[in-house]
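Worksheet: the structure to be examined is printed underneath.
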Number of protein chains: 2
Amino acid sequence: MDKLSKRERQDRIVNRLNTTVAVRISDLAEEFDVTTETIRRDLDALAVRGLLARTYGGAAMRALTDEPGIAARAQTYVAERERIGLKAATLVKSGDVLIIDAGSTTAHLAKVLAQLPLEFKVITNSIGVARVLGQSDTASVLLCPGDVRLTEEGVFGAETLDFLDRYHANMAFIGAGGFTAKEISDADAAGVAIKRKIITRSERVYLLADHTKAGITQFATICPLSAMDGLITDAMADDGMRQALAEAQVELMIAEQGKAGLAA
Amino acid sequence: MDKLSKRERQDRIVNRLNTTVAVRISDLAEEFDVTTETIRRDLDALAVRGLLARTYGGAAMRALTDEPGIAARAQTYVAERERIGLKAATLVKSGDVLIIDAGSTTAHLAKVLAQLPLEFKVITNSIGVARVLGQSDTASVLLCPGDVRLTEEGVFGAETLDFLDRYHANMAFIGAGGFTAKEISDADAAGVAIKRKIITRSERVYLLADHTKAGITQFATICPLSAMDGLITDAMADDGMRQALAEAQVELMIAEQGKAGLAA
DNA sequence: ACATGTTTGTTGTAAGTCCAACATTGAGGC
DNA sequence: GCCTCAATGTTGGACTTACAACAAACATGT
């Protein structure tokens, strides 16, 4: 058995981390019949390229959220999104039927909900939300069909829209690329179609959006702001927006720092 | 700042691994202001419960596929499954429409397919397969709706069956818990229902099963062996089985070691 | 107060890892 | 052949972790 090339060896290491959570330098060295130093150099090189995460003595697979598209966004304003997720979770009670949109903010909500002992049903087009809430023993999750788009970690398209038409929820949580006193919008047409459908299929709809989304208008309009029943955000300085929300009868919920909605 | 209870500490560690790929014992010890030994004991306890994976010097988040019961099996015969996946992938060509079942063996097939520059459509009820193939630029993936069951990394139930009824494929790949000269079977009733449906919706059906599945009968019957067009496995010693396959006109494909179907 | 069991800390030894500096090997290019 | 560069191996010392056995602290029920 000839020794593998550097390229081949590194490919196999990355490949292995698709199935294994973590690898150890000493094991790899033995398996490939090279020195631990060589493996160490491989791991360091791969880590720089972001293909894996170094650990003491080995390496671990990269994070699930490390998908190309989402990576950058997911890393920014994480704390804000977590607070928003916590706040939103306080609205949910046992017996509810929820629709949860695909998006990085809604993913945080799912994480919180998965740890609560509430019995509720969730309909979602987000693969991430489905995975996270699937871990809950008390919640049941119904995943929509559709064309898989990994950049958004969800399914989209005609099948998804058709499917949603056949269900009804009493509460929905959606995300958006931007919102103004007038309307909510997003940059992704396929995603907007889903959001619009979700709104029609739910009694109440809540918008989850951090403060950076305020005042932003993107090219695809989702709906007028008044179509929302509530806005959950992390900060709201603009008095004009406050008034617009009040006039549109949209409840404003601010997830303030240190004031988590649920006891830790 | 009071010291946290064992319970709280362990909760936080698990929680952290939802956002971080790996943690280090020394860091945790410092952060929680306890000894490394305490953290080590925490990690070992959590690892036994399957909530994380130990690494040298710390822990990593558990794999998506690492469900309690499956963990042991999933680690063994990985090489065999990879070979089977490679072999199966040689059957696929551009323009094909595939249905791929949920299962650990089919997941390997998906991994191989994702790296080929073929243009094909895939319909699947496996969240894992959808994620993996979603990374391909050339393949398009249609995910089935259904109730999410994370133990199998897929969706199941009436919605899934209904959905499959509306599609037609020219090739399908399914897994099974066991197969004999007579029939194919599995331990999971919901999964069997899906497999049966897949068989009716595809022109050709291939069974992917490693050699440990041979001669095993589980409680839920999927179909007679003759319903398959091909069996892809890694070893086949039994002459009786060979003959049965020939009589049933099931093509036997053996993925032998070192004879990968595709160049590495 | 007492006994009991759990949790955590302490300690010492063995083993593993990290890092840097330097030696060796191997594949092209001239 | 010779040179050069990249890849790998080697080595030694500093640091880190693993493991096991035992001690101390803490909670809990009687």
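Heavy-atom basis, side chains included; hydrogens, waters and symmetry copies ignored. Letters A, B, ... are given to chains in the order of the sequence lines, protein chains preceding strands, and every chain is numbered from 1. Quick caveat: nothing in here was measured; it's all calculated off a predicted structure.
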What's the spacing between A/Lys87 NZ and A/Asp234 CG if we round to 0.5 Å?
12.0 Å
Under the 3.5 angstrom rule, does the side chain of [X] hit a backbone N or O of [Y] as a donor-acceptor pair?
X        : Y        : value
B/Arg24  : B/Gly58  : no
A/Thr55  : A/Ala60  : no
A/Ser126 : A/Asp101 : no
B/Arg149 : B/Val155 : no

Starting from [atom2] on [N], measure out to [atom1] on [X] and report it in whole angstrom.
X       : N      : atom1 : atom2 : value
A/Leu43 : D/dT8  : CG    : P     : 13 Å
A/Asp27 : C/dT17 : CG    : P     : 8 Å
B/Ile25 : C/dT8  : CD1   : P     : 15 Å
A/Asp42 : D/dT8  : CG    : P     : 6 Å
B/Ile39 : D/dT16 : CD1   : P     : 17 Å
B/Arg24 : D/dT16 : CZ    : P     : 8 Å
A/Phe32 : D/dG9  : CZ    : P     : 13 Å
A/Gln10 : D/dT8  : CD    : P     : 8 Å

Counting only side-chain nitrogens and oxygens, does B/Arg9 get under 4.0 Å of the OP1 or OP2 atom of C/dT7?
no
Any side-chain N or O of A/Thr38 under 4.0 Å from OP1/OP2 of D/dA7?
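So the side chain of A/Thr38 is outside the cut-off, no N or O lying under 4.0 Å from OP1 or OP2 of D/dA7.
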Base, sugar-phosphate or nothing for A/Ser26? Non-hydrogen atoms, less than 4.0 Å.
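Here A/Ser26 touches the backbone only, sparing every base.
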Tell me what B/Thr35 touches on the nucleic acid: a base, only sugar-phosphate, or nothing, going by heavy atoms under 4.0 Å.
base
For B/Lys93 and B/Asp96, what are the C-alpha separation, side-chain angles and deciding distance, and is it a salt bridge (charged side-chain N to carboxylate O under 4.0 Å, His left out)?
CA-CA 6 Å; B/Lys93 57 190 188 307; B/Asp96 279 340; 3.2 Å; yes
Shortest non-hydrogen contact from A/Ala102 toward A/Phe156:
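The answer is CB-CZ, 4.5 Å.
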Identify each atom pair where a protein N or O and an N or O of nucleotides 19-28 of chain C are less than 3.5 Å apart, giving names and distance.
| from | atom 1 | to | atom 2 | distance (Å) |
| --- | --- | --- | --- | --- |
| C/dC19 | N4 | A/Glu37 | OE2 | 3.4 |

What nucleotide among D/dT10, D/dT16, C/dT8 has an atom nearest to a side-chain atom of A/Tyr56?
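For the A/Tyr56 side chain, the nearest candidate turns out to be D/dT16.
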